[in-house]
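Have a look at the structure below, then the notes.
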Amino acid sequence: MIIIGEKINGTRKAVAAAIREKDAQFIRDLATSQAEGGSTYLDVNAGTAPEREPDDMAWLVSTIQAVCDLPLCLDSANPAALKAGLDVVNTSPMINSVSGEQARIDGVLPLALAHQTDLILLALDDKGIPETVEGRMEIVRKLVGMALDGGLTQAKLHIDPLVTAISTGTGNAILTFDTIRAIRSEFPDVHITGGASNISFGMPLRPIINRYFMALAIQAGLDSAIINPNDRELKAAIMTAEMLMDRDKYCLTFNKAFRAGKIGPKPD
Ligand code: THG
């Protein structure tokens, strides 16, 4: 499982304050704790006003890189902010994200192709998020086609089928699972990712909903997720689901995580 640590996101109050006050220690601590939690990438989203965002993105990237050598997932719709991040990264990042929206096709896709980065593709366009699997697949097909034409391989593509709240439509999880299956059957070598916590907006017991959602999404073929990597129960759910789906040879990852005290009862 590719784990993209979600916590360095300026839409979170404490992170917004740290960006405003240039509190480097707060950001460094988020980077090291998420690395400790087993992140593959760290998401970096400044979430600030467009005119501030490039500087804030560059500051976040430099601050994180001072303590952590994980690759970053530059999270913005703003090409100027992505460019500012690309200018200072030490390791080839993932770009989060292009969508079928014309402004992102024109502004974000060329950056990913110029730098040949990994790239998240969102199944939405200027008309919004389609409410059918086929509607989402039309957008995915078009974006995958453009990325492959630009020299990226399927293995560099991370397709986000989009997760919408179960509180606003009780078929929403099934729509995501069915889209995951359709992507997996049409593009066997891409990664499939998503922001897991979107499923539980507006509901009580969000962590429980997120856990079972992730297990079912893994069963459908999801192999990457933007999550809180320090949520032990979520990590246990992910590792268990992957093991049950025969994606953990000899159960090595599960056993190793148990022995290291990363899942199950906390070592005292
Ligand atoms: N798809 C893609 N990128 C995305 C999203 C997606 N980027 C942003 C978002 N969705 C994923 N990132 C977050 C970041 C924080 C939270 C949720 C999604 C969040 N944090 C809680 C808080 O701040 O209170 C809890 C964090 C914690 O427990 O510490 O809700 O869908 N491609």
| query | With side chains defined as the heavy atoms from C-beta onward, is the minimum distance between Asp160 and Leu122 less than 4.5 Å? | reply | yes
| message | Taking Gln102's backbone N and O only, do any of them form a donor-acceptor pair with Asp126's side chain (distance below 3.5 Å, no angle check)? | response | yes
| task | May I ask you to decide if Trp59's main-chain N or O and Ser62's side chain share a donor-acceptor pair within less than 3.5 Å? | result | no
| said: Quick check: closest heavy atoms across Gly37 and Asn230, and the distance to 0.1 Å? | reply: CA-ND2, 3.8 Å
| said: Would the distance check show the side chain of Ser197 and the main-chain N or O of Ile227 forming a donor-acceptor pair, the cut-off being under 3.5 Å? | reply: no
| message | Regarding Ser99 and Glu101, do their side chains bring together a donor and an acceptor under 3.5 Å, going by distance alone? | response | yes
| field | Pair Asn78, Ser76: side-chain N/O donor-acceptor within cut-off below 3.5 Å | value | no
| field | Worked verdict on Leu74 versus Val61 for side-chain contact (heavy atoms from CB on, under 4.5 Å) | value | CA-CA 9 Å; Leu74 304 177; Val61 168; 3.8 Å; yes
| Residue pair Leu152 / Leu113, side-chain heavy-atom distance below 4.5 Å | yes
| remark: Looking only at heavy atoms, the pair that brings Pro161 and Ala123 closest together is O-CB, 4.0 Å
| query | Side chains of Arg136 and Ile129: closer than 4.5 Å at any heavy-atom pair? | reply | yes
| said: Given 3.5 Å as the limit, does a donor-acceptor pair link the side chain of Ser200 with the main chain of Met203, or not? | reply: no
| message | Looking at Lys256, I want to see if its NZ is surrounded by more than 12 non-hydrogen atoms of other residues, nucleotides or ligands under 6.0 Å. | response | no
| task | For Asp69 and Thr91, work out which heavy atoms get closest and say how close. | result | O-OG1, 4.3 Å
| Would you call Asp56 and Arg20 a salt bridge, taking side-chain N to carboxylate O under 4.0 Å as the test? | no
| Taking atom CG of Leu244 as the centre, does the number of heavy atoms from other residues, nucleotides or ligands within less than 6.0 Å exceed 12? | yes
| query | Looking at Ala31 and Ile64, what are the two nearest heavy atoms and their distance? | reply | CB-CG2, 3.8 Å
| task | Might you point out which heavy atoms bring Phe254 and Asp248 nearest each other, and give the distance in Å? | result | N-OD2, 3.0 Å
| message | As an exercise, state the distance from CD1 of Ile27 to CG of Leu42, rounded to the nearest 0.5 Å. | response | 11.0 Å
| What distance do Glu6 atom CD and Leu30 atom CG have between them, rounded to the nearest 0.5 Å? | 11.0 Å
| Quick one: does Arg211's side chain have a donor or acceptor within less than 3.5 Å of a partner on Ala237's backbone? | no
| Looking only at atom types and distance, does a side-chain atom of Lys156 sit under 3.5 Å from a main-chain N or O of Gln116, one as donor and one as acceptor? | yes
| field | Donor-acceptor pair between Ser97 and Arg104 side chains, under 3.5 angstrom | value | yes
| field | From Phe213 atom CZ to Asn198 atom CG, the distance as rounded to the nearest 0.5 Å | value | 8.0 Å
| Do side-chain atoms of Asn172 reach the backbone of Ile166 as a donor and acceptor pair under 3.5 angstrom? | no
| query | So how far is it from Ile192 CD1 to Ile183 CD1, rounded to the nearest 0.5 Å? | reply | 5.0 Å
| field | Donor-acceptor contact below 3.5 Å, side chain Lys83 vs main chain Pro54 | value | no
| Separation between OG1 of Thr193 and CG of Asp223, rounded to the nearest 0.5 Å | 8.0 Å
| query | Is there a donor-acceptor pair closer than 3.5 Å between any side-chain N or O of Glu242 and the backbone N or O of Thr253? | reply | no
| task | Give a yes or no on whether the backbone of Lys7 and the side-chain of Gln34 come within a donor-acceptor separation of less than 3.5 Å. | result | yes
| query | Looking only at heavy atoms, which two atoms of Ser167 and Phe201 are closest? And how far apart? | reply | OG-O, 2.8 Å
| request: Give a yes or no on this: more than 12 heavy atoms of other residues, nucleotides or ligands lie within 6.0 Å of atom CD of Glu131. | output: no
| request: Quick one: pull up CD1 in Ile226 and CD1 in Ile3 and give me the separation to the nearest 0.5 Å. | output: 12.0 Å
